[in-house]
Participant: 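Structure provided below as structure tokens; questions to follow.
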Amino acid sequence: MSKILIIAEHAHGVLNQSTAKCVACASEIPDAEIHVAVVADNSEAVAAAAAGLASVKSVICVDNPANENQLAAVIAPQVVALADGYSHIFGPSTTFGRDLMPRVAALLGVNQISDIMEVIGSHSFKRPVYAGNAIVTVKAPADIPVVATVRAASYRAVAAGGDAATSSASIDVECPEHTRFIELQTGKSDRPDLQTAAKVVAGGRALGSKENFELIFKLADTLGAGVGATRAAVDAGYVPNEMQVGQTGKIIAPELYFAIGISGAIQHLTGIKDAGTIVAINKDPDAPIFEVADIGVVGDLFAIVPELQAALSG
Ligand SMILES: Cc1cc2nc3c(=O)[nH]c(=O)nc-3n(C[C@H](O)[C@H](O)[C@H](O)COP(=O)(O)OP(=O)(O)OC[C@H]3O[C@@H](n4cnc5c(N)ncnc54)[C@H](O)[C@@H]3O)c2cc1C
């Protein structure tokens, strides 16, 4: 039997969907018993949500005021203290998991497997390399714990309907103080979260300025969509870094993705590999984005987007 511990991602008392996607991945492992660890300052609401996920057998709460700001350096030794007896320890390949899981692997003295996108067997997984242009099958040794991140975009969240037992663990580890929380800088937005939105409207360098990027925000608001951008648009200062989609940004899997004034560089495409319908607007008919788009519109975005906006609003 494989005993799998999933580290819950959460903020402000809300369980992030990435956790339910990790559960989906873990449940592909034959004969898996799945536990979720909620490392928090007040785990109650998150633990209740985790306990309600299908396939989860048990939720372990670790409450400590030091966990208020979810610092990877502080959480990692607590996860390691829980690790005994588990064959697998999984976290999501989101910013949270990418920060935390390598520390867990290092403290346990094992290598990490990054971005599991398919389970082949209990110790054999598929993962992308070269910005998603090749898929490799990796095999982990069976006699040490598998510490891994799960590529959230490759999995659908498990449904609710579970009724897992919840318990508290008191952990006696020294939380490091060399990493301290100073402040969280984040864009405040009422729009759907880019990583979990069903629809995303994204803009590229072609927008030309921060002011022009408002066209993208307006269209997104009309569609009830999240907003993404290319690295070129981020580097040009049109939008903040947290909106970057791609190899060095966020990997997303919306049902509908609008790529507006985006060339379709491989580093961008790797972030939308699992998107459903891709709609591209580009003035260059030979732009690589048209090779992956389901619907392509060749033309000037500054004419097409306002027209689309008017049609949708009217
Ligand atoms: C290691 C590495 C990591 C990277 N990571 C990422 C990443 O995570 N995400 C990412 O996005 N990029 C990433 N990049 C950068 C990537 O290679 C591209 O440079 C970037 O994606 C290009 O952004 P863009 O499509 O906005 O700009 P461009 O390539 O300049 O394309 C602009 C497009 O807009 C079209 N256009 C221009 N004007 C109009 C108009 N008026 N109407 C309609 N269309 C118009 C053009 O025809 C063109 O196709 C990375 C690069 C490297 C080397």
Side-chain angles (χ1 to χ4, degrees), residues 18 92-99 114-115 117 127-135 149 151-154 187 193-197 199-220 223 225-254 256-275 278-312:
S18 62
S93 63
T94 55
T95 307
F96 166 79
R98 287 179 186 180
D99 195 14
S114 303
D115 294 334
M117 58 188 297
R127 63 171 298 257
V129 290
Y130 300 119
N133 283 301
I135 310 296
T149 57
R151 188 173 183 273
S154 297
D193 171 49
L194 174 59
Q195 270 184 305
T196 50
K199 298 176 211 162
V200 169
V201 180
R205 195 196 318 260
L207 269 303
S209 68
K210 197 173 173 174
E211 292 69 33
N212 289 346
F213 212 92
E214 283 301 319
L215 276 177
I216 301 294
F217 287 120
K218 226 170 138 188
L219 181 60
L223 290 165
V227 176
T230 62
R231 176 158 150 184
V234 169
D235 288 351
Y238 307 163
V239 288
N241 180 272
E242 70 209 32
M243 287 188 188
Q244 185 176 318
V245 172
Q247 183 186 342
T248 43
K250 290 186 171 138
I251 309 284
I252 60 173
L256 177 64
Y257 186 74
F258 275 81
I260 301 179
I262 291 176
S263 59
I266 52 164
Q267 294 89 355
H268 185 75
L269 297 185
T270 194
I272 55 166
K273 221 177 170 48
D274 298 291
I278 298 176
V279 182
I281 302 172
N282 197 303
K283 69 176 185 185
D284 174 6
D286 296 323
I289 191 73
F290 289 128
E291 287 167 26
V292 297
D294 300 282
I295 300 169
V297 184
V298 178
D300 182 0
L301 75 90
F302 293 105
I304 295 165
V305 175
E307 239 179 83
L308 183 61
Q309 174 73 42
L312 288 168

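Both counts, for ligands and for their atoms, begin at 1 and track the order of listing.
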Participant: Donor-acceptor pair, distance only, cut-off 3.5 Å: does the side chain of Lys273 make one with the backbone of Gly132?
Facilitator: yes
Participant: Backbone N or O of Gly204 within a donor-acceptor pair of the Thr230 side chain at under 3.5 Å?
Facilitator: no
Participant: Check ligand 1 against the protein and report each N/O to N/O distance under 3.5 Å, formatted as atom name, atom name, distance.
Facilitator:
{"residue": "ligand 1", "atom": "5 (N)", "partner": "Thr248", "partner atom": "OG1", "Å": "2.6"}
{"residue": "ligand 1", "atom": "8 (O)", "partner": "Gln244", "partner atom": "NE2", "Å": "2.9"}
{"residue": "ligand 1", "atom": "8 (O)", "partner": "Gln247", "partner atom": "N", "Å": "3.0"}
{"residue": "ligand 1", "atom": "8 (O)", "partner": "Thr248", "partner atom": "N", "Å": "2.8"}
{"residue": "ligand 1", "atom": "8 (O)", "partner": "Thr248", "partner atom": "OG1", "Å": "3.0"}
{"residue": "ligand 1", "atom": "8 (O)", "partner": "Gly249", "partner atom": "N", "Å": "3.3"}
{"residue": "ligand 1", "atom": "9 (N)", "partner": "Val245", "partner atom": "O", "Å": "2.8"}
{"residue": "ligand 1", "atom": "11 (O)", "partner": "Arg231", "partner atom": "N", "Å": "2.9"}
{"residue": "ligand 1", "atom": "11 (O)", "partner": "Val245", "partner atom": "O", "Å": "3.4"}
{"residue": "ligand 1", "atom": "11 (O)", "partner": "His268", "partner atom": "ND1", "Å": "2.9"}
{"residue": "ligand 1", "atom": "17 (O)", "partner": "Gln267", "partner atom": "OE1", "Å": "2.8"}
{"residue": "ligand 1", "atom": "23 (O)", "partner": "Thr230", "partner atom": "OG1", "Å": "3.4"}
{"residue": "ligand 1", "atom": "25 (O)", "partner": "Ser263", "partner atom": "N", "Å": "2.8"}
{"residue": "ligand 1", "atom": "25 (O)", "partner": "Ser263", "partner atom": "OG", "Å": "3.0"}
{"residue": "ligand 1", "atom": "26 (O)", "partner": "Arg205", "partner atom": "N", "Å": "2.7"}
{"residue": "ligand 1", "atom": "26 (O)", "partner": "Thr230", "partner atom": "OG1", "Å": "2.6"}
{"residue": "ligand 1", "atom": "29 (O)", "partner": "Ser263", "partner atom": "OG", "Å": "2.8"}
{"residue": "ligand 1", "atom": "30 (O)", "partner": "Arg205", "partner atom": "NE", "Å": "2.6"}
{"residue": "ligand 1", "atom": "30 (O)", "partner": "Arg205", "partner atom": "NH2", "Å": "3.3"}
{"residue": "ligand 1", "atom": "34 (O)", "partner": "Gly261", "partner atom": "O", "Å": "3.2"}
{"residue": "ligand 1", "atom": "41 (N)", "partner": "Asp300", "partner atom": "OD1", "Å": "2.9"}
{"residue": "ligand 1", "atom": "42 (N)", "partner": "Leu301", "partner atom": "N", "Å": "2.9"}
{"residue": "ligand 1", "atom": "44 (N)", "partner": "Lys283", "partner atom": "N", "Å": "3.1"}
{"residue": "ligand 1", "atom": "47 (O)", "partner": "Asn282", "partner atom": "OD1", "Å": "2.8"}
{"residue": "ligand 1", "atom": "49 (O)", "partner": "Asn282", "partner atom": "ND2", "Å": "2.9"}

Participant: Check whether any side-chain N or O of Lys210 sits under 3.5 Å from a backbone N or O of Gly237 as a donor-acceptor pair, and report yes or no.
Facilitator: no
Participant: Atom OH of residue position Tyr130 - does it have more than 12 heavy atoms of other residues, nucleotides or ligands inside 6.0 Å?
Facilitator: no
Participant: Has the side chain of Thr149 got a donor or acceptor atom that lies under 3.5 Å from a matching backbone atom of Asp115?
Facilitator: yes
Participant: Has Gln309 got a side-chain atom pairing as donor or acceptor with Leu219's backbone, closer than 3.5 angstrom?
Facilitator: yes
